[in-house]
Amino acid sequence: MKLDTKQKVLVAIYTEYQKDTPNMSSNIKAKELGIDGEVFAIALDKLMNEGLITGVNFNKVNNKILATCMDELMMTRGGIEYVETKLGIEK
């Protein structure tokens with residue numbers, strides 16, 4: 001199965017979310033996922049807009065993302081269900 005960038009980021013967030021002590025801001029990074037930083041930030045913005053994640057703060061100028069803060073990043077119930085459906089994971 002081929003995942004697009006947005007789905008790849010969401011699956012990484014899901015994987016971290018499942019840990020006993022998740023640390024989103026330290027363990028979810030563009031470089032580790034092999035994604036350009038700007039593309040990664042845009043994927044986070046899209047995931048927030050679609051209600052699949054919450055808690056990402058963006059520093060934007062002229063609608064361009066300059067920085068992200070993921071200290072409060074969490075998956076929504078919809079995000080969890082999306083990943084589990086997409087990957088065929090039983091609840």
* Asked: Could you state the interatomic distance from CG (L52) to CG (L44), rounded to the nearest 0.5 Å?
  -> 11.5 Å
* **Check against side-chain contact (heavy atoms from CB on, under 4.5 Å), M75 and V83** => CA-CA 10 Å; M75 293 196 75; V83 171; 4.1 Å; yes
* **side-chain contact (heavy atoms from CB on, under 4.5 Å) between K29 and F40, worked out** => CA-CA 8 Å; K29 297 183 185 241; F40 177 76; 5.8 Å; no
* **Side chains of Y14 and I89 in contact at under 4.5 Å (non-hydrogen atoms)** => yes
* Asked: Above 12 or not: heavy atoms from other molecules or residues under 6.0 Å from CD of E38?
  -> no
* Structure fact -> So CE of M74 and CD1 of I53: to nearest 0.5 Å the spacing works out to 11.5 Å
* Can you pull the salt bridge (charged side-chain N to carboxylate O under 4.0 Å, His left out) pairs that have at least one residue in residues 43-61, sequence neighbours excluded? -> K6-E50, D45-K60
* Output yes when a side-chain donor or acceptor of N62 lies under 3.5 Å from a complementary backbone atom of K64, and no otherwise. => no
* Asked: Within a strict 4.5 Å, meaning less than it, do heavy atoms of the Y17 and L73 side chains meet?
  -> no
* Calculate, to the nearest 0.5 Å, the distance between atoms CD and CG belonging to E32 and N27 respectively. => 8.5 Å
* Apply side-chain contact (heavy atoms from CB on, under 4.5 Å) to the pair I65 and T68, showing each step before the final yes or no. => CA-CA 7 Å; I65 302 169; T68 60; 3.9 Å; yes
* Asked: Which atom names give the shortest non-hydrogen contact between M70 and I28, and what distance separates them?
  -> CE-O, 3.0 Å
* Would you please name every residue forming a salt bridge (Lys or Arg N to Asp or Glu O under 4.0 Å) with K19, sequence neighbours left out? => E16
* Please lay out, stage by stage, how M24 and V56 fare under the test side-chain contact (heavy atoms from CB on, under 4.5 Å). => CA-CA 10 Å; M24 300 294 185; V56 179; over 6 Å; no
* In this structure, which one of V11, T15, V9 forms a side chain to side chain contact (heavy atoms under 4.5 Å, CB included) with I13? -> V9
* To do: Mind checking the CD1-OG1 spacing from I80 to T85? Nearest 0.5 Å is all I need.
  => 11.5 Å
* Separation of L3 CG from L87 CG (nearest 0.5 Å) -> 6.5 Å
* Closest non-hydrogen atom pair, G37 against A30 -> CA-CB, 3.9 Å
* Asked: Heavy-atom count around E72 CD within 6.0 Å, excluding the residue itself: above 12?
  -> no
